[in-house]
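Residue numbers start from 1 in every chain, and the chains themselves are labelled A, B, ... in the order their sequence lines are given, proteins ahead of strands.
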Number of protein chains: 2
Amino acid sequence: MKEIDQGAEHNTVKERILKEALRLFSEKGFEGTSLQAIADAVGIQKPSLIYHFPSKENLRQNVVESLIVYWKNELPRMLTTSQDDSNRLVSTMTSLVNFFMEDVNRARLVVREMIDRPEETFSVLNEHVSPWTRLIGDYLRMGQQGGIYKKDVDPNAYIVQVMVMVVGTVAMGTVISGMVSASTDISHGPLIKELVRIVQASLYADKK
Amino acid sequence: MKEIDQGAEHNTVKERILKEALRLFSEKGFEGTSLQAIADAVGIQKPSLIYHFPSKENLRQNVVESLIVYWKNELPRMLTTSQDDSNRLVSTMTSLVNFFMEDVNRARLVVREMIDRPEETFSVLNEHVSPWTRLIGDYLRMGQQGGIYKKDVDPNAYIVQVMVMVVGTVAMGTVISGMVSASTDISHGPLIKELVRIVQASLYADKK
DNA sequence: CCTACCGATCGGTAGG
DNA sequence: CCTACCGATCGGTAGG
């Protein structure tokens, strides 16, 4: 009844639904998650879900959109925060890694969406992410002419490959970190470290 | 009735089931694929599936195993075929890329299994793939001491990251190739080319 | 490999 | 946001 802290944090039922749906869709997949399971996690009845989101498909779209919104707010901040020019790319990528590691489910959902609905996901990325990758692409091309980046780097392909590595490493981290060190999961330190090294070593021109 | 070419190609019902199940599990996911859909694709009735594979879960395990078996036959061949020492790693990776691109569903299934069943997938990889990654790791360490590979490469992490890139690029190729060039899919030429470049540039030591 | 069939669960509606 | 309910489909069994 209280409307004082209505839009404050993750308090509203709608926000709690989105949160639990993101988690379950990421962990078990869209088809592997029932509306009943989401309702149970939130602590309401199934038809109450349908009151907030008219269908399961509509709920999925809203979950994806909530991620996109987060992205569109964070990415500009990542790109501008980094002060010095030479390290801007690496620090942006580090922010990207942190964004996904903050909640591994974000990376998993992105990977799932790409595989489950390639065409739709392409449209979404093309609309909301491509502007930024194009910007970084221009920045890369400038650096190439200035001689600080390798000349044989394919800017567009490079950016996409970095994204594949970041999102792939975080999404599959639980599995693959066990293959590099003993710990079966969490933080995957050596993996992220090597990821950053590969991204840098394949970009910066050799010192002459 | 004819038993002449019984074990020849993809002729037996069991093999046809495995083939269609791999395709559907890869495209729609395990939970998104019904036994009815598989039966329809094969052209038999649902209970006939259960005759060959006692449960859906059992069928999934057999699909995964069929991939593993393929792997265990191909990987040694990849590693030995490459003649000259210096390019062995790159040619092995190229074979790996070809293996997954031959049938994109292989890469998609691997990614799905990693996200859907992290612990189980780790066990499978640890048993059947780790021996080979360890071998390549030793080879990398030797090359490092010989000075042909960068000293700051983390061999184990590097190998895993290369696998993430390969499998990720192929699995998500349909989506991401559209972001680098106009073509919405197929062959993803520039992506694979950049992938190979990154793998090489981040490995080989700078010429002094 | 098929027909016939089962209990359980699915997404979603009616109506309040 | 709830109770009551629906047709369709799920994985799987019985029995041949």
Side-chain angles (χ1 to χ4, degrees), chain A residues 1-64 109 112-113 116-117 120, chain B residues 1-64 109 112-113 116-117 120:
Chain A
M1 300 285 195
K2 294 272 162 57
E3 293 173 26
I4 296 171
D5 57 359
Q6 34 139 217
E9 282 299 322
H10 295 280
N11 298 328
T12 72
V13 176
K14 208 158 183 169
E15 283 168 328
R16 276 159 57 210
I17 294 173
L18 284 171
K19 190 185 166 191
E20 296 300 332
L22 168 63
R23 184 178 62 81
L24 286 163
F25 287 162
S26 302
E27 288 172 1
K28 323 254 188 188
F30 180 71
E31 301 286 351
T33 303
S34 64
L35 291 179
Q36 189 63 63
I38 300 170
D40 289 349
V42 177
I44 57 176
Q45 295 303 313
K46 195 173 61 171
S48 308
L49 272 185
I50 265 49
Y51 166 79
H52 291 285
F53 301 94
S55 69
K56 192 187 180 185
E57 166 63 19
N58 178 281
L59 175 55
R60 201 209 90 238
Q61 285 169 15
N62 276 277
V63 167
V64 171
L109 193 82
R112 280 193 194 278
E113 285 292 314
D116 285 348
R117 280 163 286 273
E120 188 189 319
Chain B
M1 303 282 194
K2 293 271 162 60
E3 294 174 25
I4 294 172
D5 57 358
Q6 34 138 218
E9 283 299 323
H10 295 280
N11 297 329
T12 71
V13 177
K14 207 157 182 170
E15 283 168 328
R16 277 159 55 211
I17 294 173
L18 283 172
K19 189 185 166 191
E20 297 299 332
L22 167 63
R23 184 178 63 81
L24 287 163
F25 287 162
S26 303
E27 287 174 359
K28 322 253 188 187
F30 180 71
E31 301 286 352
T33 303
S34 65
L35 291 178
Q36 189 65 61
I38 300 170
D40 289 348
V42 177
I44 58 177
Q45 296 303 313
K46 196 174 60 171
S48 307
L49 272 186
I50 264 51
Y51 167 79
H52 290 287
F53 301 94
S55 71
K56 193 187 179 187
E57 167 63 19
N58 178 281
L59 174 56
R60 201 208 90 238
Q61 284 169 15
N62 275 278
V63 168
V64 171
L109 193 82
R112 280 193 195 278
E113 286 291 314
D116 286 348
R117 278 163 287 274
E120 188 189 318

Pair listing, ring pair (Phe, Tyr, Trp, His ring centres under 6.0 Å) test, anchored in residues 43-64 of chain B, at least two apart: none

Numerically ordered, the residues 33-48 of chain B set in heavy-atom contact under 4.0 Å with DNA chain C is B:Ile44, B:Gln45, B:Pro47, B:Ser48

N/O donor-acceptor pairs under 3.5 Å from side chains in residues 35-46 of chain A, not counting sequence neighbours:
residue: A:Gln36; atom: NE2; partner: A:Asp40; partner atom: OD1; Å: 3.1

So A:Val13 and A:Arg16, side-chain contact (heavy atoms from CB on, under 4.5 Å) or not? Walk me through it. CA-CA 5 Å; A:Val13 176; A:Arg16 276 159 57 210; 4.0 Å; yes

Hunt down any stem DNA chain D takes part in, defined as 3 or more consecutive Watson-Crick or G-U pairs whose two distances are each under 3.5 Å. C:1-16 with D:1-16

Atom CZ in A:Arg112, atom CZ in B:Arg112: separation rounded to 0.5 Å? 7.5 Å

Could you say whether A:Tyr51 or A:Phe30 is positioned toward the 5' end of DNA chain C, judged by the nucleotide with the nearest heavy atom to each? A:Phe30

Taking all non-hydrogen atoms of both residues into account, name the closest pair between B:Asn58 and B:Pro54 and its distance. OD1-CD, 3.6 Å

With a 4.0 Å cut-off (strictly under) to non-hydrogen atoms of chain B, the first and last hit nts on DNA chain D, 5' to 3', are D:dC10 to D:dT13

Give, for atom OG1 of B:Thr12 and atom CD1 of B:Ile17, the distance between the pair rounded to the nearest 0.5 Å. 8.5 Å

Anything under 3.5 Å between a donor and an acceptor, one on a side chain of residues 21-32 of chain A, the other on a protein residue two or more places apart or in another chain? List them.
residue: A:Arg23; atom: NE; partner: A:Glu20; partner atom: OE1; Å: 3.1
residue: A:Arg23; atom: NH2; partner: A:Glu20; partner atom: OE1; Å: 2.8
residue: A:Ser26; atom: OG; partner: A:Leu22; partner atom: O; Å: 2.6
residue: A:Ser26; atom: OG; partner: A:Asn105; partner atom: O; Å: 2.9

